[in-house]
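Computation of the quantities below employed the complete heavy-atom set of this structure, encompassing side-chain atoms and omitting hydrogens, waters and symmetry-equivalent molecules.
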Amino acid sequence: MTKAITAAAVVLVFSLMSSAQVAAQQRDNEPQRVEDVEELLDSITRYKGQTVRVSGEVEEIIDQKAFILESGGLFNNEIVVLVPQGNLTVMEGIDVTVTGTVRVISLIEIDREYGWGLEPYMRVELEDVDTFLVADHVEL
């Protein structure tokens with residue numbers, strides 16, 4: 001009888017552990033909600049390589065694959081959002097929510113990796129940028 005109780009307890013513990021692991025994996029796959037761009041950039045080491053969801057205003061359209069998102073704070077409140085598949089449907093001045101991966105990478109590397117093909121004048125404008133949000137989804 002004791003062995004049966006022990007075996008049942010072991011099965012229950014493993015079942016609970018598996019449920020907790022599945023729940024943790026589901027949480028890990030969901031994007032982290034970030035208050036605004038300033039919070040994102042102020043905590044870049046925390047968010048680097050992570051999928052996040054952040055809202056803000058489209059400050060400037062760079063081209064058909066990218067725009068500048070701004071939100072919150074007075075300083076450090078802009079990030080370049082790259083939409084690899086292109087064909088942006090956003091306009092300057094509208095509020096959007098972006099879900100994507102935070103990449104700390106040079107402009108040259110991101111251009112090479114995603115085949116961005118920026119115009120030369122924009123390369124000069126963005127040459128010091130080293131943090132990008134590579135969008136999976138942009139909601140109006």
Side-chain angles (χ1 to χ4, degrees):
M1 183 94 169
T2 308
K3 287 183 181 181
I5 293 173
T6 303
V10 168
V11 169
L12 178 62
V13 168
F14 279 118
S15 174
L16 291 174
M17 285 176 53
S18 295
S19 297
Q21 288 170 338
V22 167
Q25 285 176 342
Q26 287 173 343
R27 281 193 310 271
D28 291 343
N29 291 337
E30 290 183 22
Q32 296 179 54
R33 179 76 179 136
V34 181
E35 184 68 30
D36 56 35
V37 175
E38 184 174 22
E39 177 192 341
L40 174 67
L41 295 174
D42 286 348
S43 305
I44 198 64
T45 55
R46 174 180 172 197
Y47 296 115
K48 178 181 176 183
Q50 300 296 310
T51 301
V52 299
R53 183 176 170 87
V54 63
S55 297
E57 181 180 313
V58 176
E59 180 180 289
E60 180 182 343
I61 303 292
I62 296 171
D63 62 13
Q64 283 298 310
K65 286 189 172 187
F67 62 93
I68 296 174
L69 181 70
E70 78 165 352
S71 63
L74 298 172
F75 304 104
N76 203 23
N77 71 339
E78 298 176 345
I79 191 166
V80 175
V81 176
L82 176 64
V83 183
Q85 57 272 36
N87 299 320
L88 287 179
T89 59
V90 299
M91 297 179 349
E92 291 179 7
I94 65 169
D95 291 331
V96 296
T97 300
V98 179
T99 303
T101 304
V102 177
R103 300 289 311 271
V104 179
I105 186 172
S106 73
L107 178 61
I108 292 169
E109 291 174 276
I110 204 148
D111 184 24
R112 190 176 308 136
E113 191 171 323
Y114 293 98
W116 191 355
L118 268 175
E119 295 291 328
Y121 76 94
M122 283 309 297
R123 284 186 186 284
V124 172
E125 289 279 326
L126 299 175
E127 68 186 352
D128 293 332
V129 174
D130 65 356
T131 304
F132 297 85
L133 182 55
V134 179
D136 297 320
H137 185 70
V138 178
E139 294 175 42
L140 304 178

| In one Ile/Leu/Val/Met/Phe/Trp/Tyr side-chain cluster, 4.5 Å: I108, V124 | no
| request: Answer with yes or no whether the hydrophobic clustering places V58 together with V34; edges join I, L, V, M, F, W, Y residues whose side-chain heavy atoms lie under 4.5 Å apart. | output: yes
| query | Closest heavy-atom contact between E39 and D36? | reply | N-OD1, 2.8 Å
| request: Among L133, L41, V134, find the one that has a side-chain contact (heavy atoms from CB on, under 4.5 Å) with V102. | output: L133
| Do T97 and R33 touch side chain to side chain, with heavy atoms closer than 4.5 Å? | yes
| query | Can you name the closest pair of heavy atoms from G56 and S71 and give their distance? | reply | CA-CB, 3.6 Å
| Under 3.5 Å: donor-acceptor pair, side chain of T101, backbone of T51 | no
| query | Is there a donor-acceptor pair closer than 3.5 Å between any side-chain N or O of D111 and the backbone N or O of G117? | reply | yes
| message | When you compare the side chain of T99 with that of P31, does any pair of heavy atoms fall below 4.5 Å? | response | yes
| Does CD1 in I94 sit with more than 12 non-hydrogen atoms of other residues, nucleotides or ligands closer than 6.0 Å? | yes
| Validation row: L82, K65 side chains within 4.5 angstrom (heavy atoms) | yes
| remark: Heavy-atom closest pair (A66 atom, V80 atom, distance to 0.1 Å) is CB-CG1, 4.5 Å
| query | Are Y47 and Q32 close enough that some pair of their side-chain heavy atoms sits under 4.5 Å apart? | reply | yes
| said: Could you check whether any side-chain heavy atom of E92 comes within less than 4.5 Å of a side-chain heavy atom of I61, counting everything from C-beta outward? | reply: yes
| Among the clusters formed by ILVMFWY side chains lying less than 4.5 Å apart, do L69 and M122 turn up in the same one? | no
| Residues which pass salt bridge (Lys or Arg N to Asp or Glu O under 4.0 Å) with E139, listed by chain and number, not counting sequence neighbours | R53
| query | Does the side chain of Y121 come within less than 4.5 Å of L126's, by heavy atoms? | reply | no
| Is it true that R103 and E109 have a side-chain N and a carboxylate O under 4.0 angstrom from each other? | no
| task | Any chance you could measure K48, atom NZ, to S43, atom OG, to the nearest 0.5 Å? | result | 14.5 Å
| Do F67 and Y114 belong to the same hydrophobic cluster, where Ile, Leu, Val, Met, Phe, Trp and Tyr are linked whenever their side-chain heavy atoms lie under 4.5 Å apart, directly or via other members? | no
| request: Determine, using the 4.5 Å side-chain heavy-atom cutoff (strictly less than), whether V98 and V83 are members of one ILVMFWY cluster. | output: yes
| field | E70 CD to N77 CG distance, which is reported to the nearest 0.5 Å | value | 5.5 Å
| said: Nearest 0.5 Å, please: how far is CD in E78 from CG in L40? | reply: 13.0 Å
| task | Any chance you could measure R123, atom CZ, to W116, atom CH2, to the nearest 0.5 Å? | result | 9.0 Å
| query | If you look at every heavy atom in P84 and A135, which pair is closest and at what distance? | reply | CD-O, 3.6 Å
| task | Answer whether the closest heavy-atom distance between the side chains of L107 and F132 falls below 4.5 Å. | result | yes
| request: Evaluate the side-chain proximity of I44 to T131: yes if any heavy-atom separation is below 4.5 Å, no if none is. | output: yes
